[in-house]
There are 2 protein chains.
Amino acid sequence: MKQNSNVPAFLTKLWTLVEDSDTNEFICWSQEGNSFLVMNEQRFAKEILPKFFKHNNMASFVRQLNMYGFRKVMHIDTGIVKQERDGPVEFQHPYFKHGQDDLLENIKRKVSNARPEDTKIKQEDLSNILASVQNVNGKQESIDSRLNTLKRDNEGLWREISDLRQKHSQQQQIIKKLIQFIVTFVQKNRIMGLKRKRPILLNNNGKKPKYIHEIYDEPPLEHNKVCVEV
Amino acid sequence: MKQNSNVPAFLTKLWTLVEDSDTNEFICWSQEGNSFLVMNEQRFAKEILPKFFKHNNMASFVRQLNMYGFRKVMHIDTGIVKQERDGPVEFQHPYFKHGQDDLLENIKRKVSNARPEDTKIKQEDLSNILASVQNVNGKQESIDSRLNTLKRDNEGLWREISDLRQKHSQQQQIIKKLIQFIVTFVQKNRIMGLKRKRPILLNNNGKKPKYIHEIYDEPPLEHNKVCVEV
DNA sequence: GGGAATATTCCC
DNA sequence: GGGAATATTCCC
């Protein structure tokens with residue numbers, strides 16, 4: 001036994017125990033040297049185990065074997081599992097072999113429930129998710145405030161539109177009345193016979209003159225009648 | 001000892017050991033019976049401990065005491081901590097008292113690192129946070145789409161306002177020209193001497209008649225001149 | 001065969 | 001004094 005540093009006590013003790021020819025009556029290598037057998041469990045537990053471990057229970061011994069990944073070798077005769085009471089039990093592990101204590105360091109004890117890694121990963125995930133939440137929350141607030149601004153803008157725009165529509169409608173009324181007034185006035189003064197070469201034009205800043213029915217939003221009821229240029 | 005079910009082996013063994021008058025040479029109650037003393041550590045560890053535990057190390061014994069919340073009682077003489085080698089050491093726990101084994105069930109072993117609870121809580125938190133993230137994400141999308149709708153609305157409103165303002169301005173121009181026309185027309189026909197009792201009124205649906213400077217957006221330049229009702 | 005609590009060891 | 005790995009026990 002060289003590497004008593006890395007290899008757990010259970011493995012070195014077990015390997016020593018199996019190698020030891022003094023205990024061959026109770027525990028020894030199989031013929032091929034790649035597994036070991038326990039004979040006479042009762043006496044092995046009470047007489048041999050306490051010499052190497054702090055107990056004399058076969059169950060505790062087997063528990064450790066399982067913790068280190070040993071498997072019980074099943075003995076099958078003519079298709080039926082042999083279940084002799086107090087018959088030899090055999091255990092095997094790929095790195096537990098006769099004369100090869102250098103392989104022992106490859107045998108790893110199972111960690112109870114891998115919680116350490118789990119918890120660490122969880123902690124990382126937690127931090128990531130938390131950061132993500134706060135990021136999204138920040139964006140949410142930003143969007144919310146933009147939304148509120150837009151809503152206020154919108155309300156203002158609606159008010160302005162309402163205002164403009166009302167003004168527009170009032171202007172339409174005014175235009176209508178002005179035109180009615182003009183029409184009435186012109187009719188009353190027609191007798192004067194004031195002739196012009198061209199109809200009266202309103203100053204339109206050099207742009208195309210408008211017909212009265214173009215200024216007016218509603219289509220003219222009687223087209224022929226309302227062709228007076230203004 | 002009744003409740004050998006609930007109380008860990010270490011506590012019942014320790015209590016028995018301290019109560020046992022056969023071992024009083026090495027371990028016994030203090031005078032008040034609310035703490036115990038260990039005399040002659042070396043012999044106690046090698047001779048007494050193995051009779052009750054699976055080891056003969058004082059350190060392991062003390063480790064267990066610490067695991068169960070026992071505290072070493074400090075002996076202070078004249079302001080200086082006594083640190084005698086091999087002098088008696090004293091340990092105390094509020095629920096470890098002479099003759100009161102019924103208190104032992106109140107002594108709780110420290111859990112190694114509270115990972116079980118930790119992990120469970122973490123898992124819960126994780127689920128909660130995840131749900132929260134998805135909730136916020138959902139809201140985000142909803143708000144985003146509302147935002148886009150509002151933006152489109154807003155653009156439409158701006159277009160309408162621009163349109164209405166243009167119409168308004170055009171109408172103002174028309175009204176201005178109509179009035180100019182009327183003024184010109186009236187002036188040209190003044191010689192006619194067409195007299196009325198009241199100025200011409202546009203039909204205003206029974207409402208208060210408007211003065212021309214009220215219809216017109218701009219304030220009248222010469223107030224006295226523009227008092228013509230329309 | 002293995003989960004989980006307690007016990008022992010090793011180490012800081 | 002206590003963290004952490006290994007060992008032992010108890011239990012499913």
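In what follows, every heavy atom counts, from backbone to side chain, and hydrogens, waters and symmetry copies are set aside. Chain letters run A, B, ... following the sequence lines, proteins first, then strands; residues in each count from 1. No experiment lies behind these values; they were computed from the predicted model shown.
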Practice task
Kindly assign one of parallel, tilted or perpendicular to the pair A:Trp29 and A:Phe96, based on the angle between their ring planes and the thresholds 30° and 60°.
Solution key: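 Judged by the thresholds at 30° and 60°, the geometry between A:Trp29 and A:Phe96 is tilted.
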Length of the line joining [X]:[atom1] and [N]:[atom2], which is rounded to integer Å:
X        : N     : atom1 : atom2 : result
B:Leu65  : C:dT8 : CG    : C1'   : 13 Å
B:Lys110 : C:dT6 : NZ    : P     : 14 Å
A:Leu11  : D:dA7 : CG    : C1'   : 12 Å
B:Met67  : C:dA7 : CE    : P     : 9 Å
B:Lys13  : C:dT8 : NZ    : C1'   : 12 Å
A:Met58  : C:dG1 : CE    : C1'   : 14 Å
A:Phe53  : D:dT9 : CZ    : P     : 12 Å

Exercise for the section: For atom NZ of B:Lys51, decide whether the heavy atoms of other residues, nucleotides or ligands shown that lie under 6.0 angstrom number more than 12. Expected result: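 No.
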Problem - Nearest to side-chain heavy atoms of B:Lys72, which nucleotide of D:dT8, D:dG1, D:dA7 - result: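 Looking only at side-chain atoms, B:Lys72 lies closest to D:dG1.
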Problem - Nearest-nucleotide pick for A:Phe10, side chain only, options being D:dA7, D:dT8, C:dG2 - result: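 Closest nucleotide to the A:Phe10 side chain: D:dA7.
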Is the phosphate of [N] approached by [X] (side-chain N or O, under 4.0 Å from OP1 or OP2)?
X       : N     : value
B:Asn57 : C:dT8 : no
A:Tyr68 : D:dT6 : no
A:Arg63 : C:dG3 : no
B:Lys54 : C:dT9 : no

Exercise for the section: Look at all strands and tell whether B:Ala9 reaches a base, only sugar-phosphate, or nothing, counting heavy atoms closer than 4.0 Å. Expected result: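 Sugar-phosphate only.
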Practice task
Give one of base, sugar-phosphate or nothing for A:Arg71, where a contact means two heavy atoms less than 4.0 Å apart.
Solution key: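 The residue A:Arg71 makes sugar-phosphate contact but no base contact.
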Problem - Closest contact, heavy atoms only, A:Ala45 versus A:Pro50 - result: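 Answer, listing the atom of A:Ala45 first, then A:Pro50: O-CD, 3.2 Å.
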Problem - Over all atoms of both residues, closest heavy-atom pair of B:Leu17 and B:Thr23 - result: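 Closest pair (atom of B:Leu17, atom of B:Thr23, distance): O-OG1, 2.9 Å.
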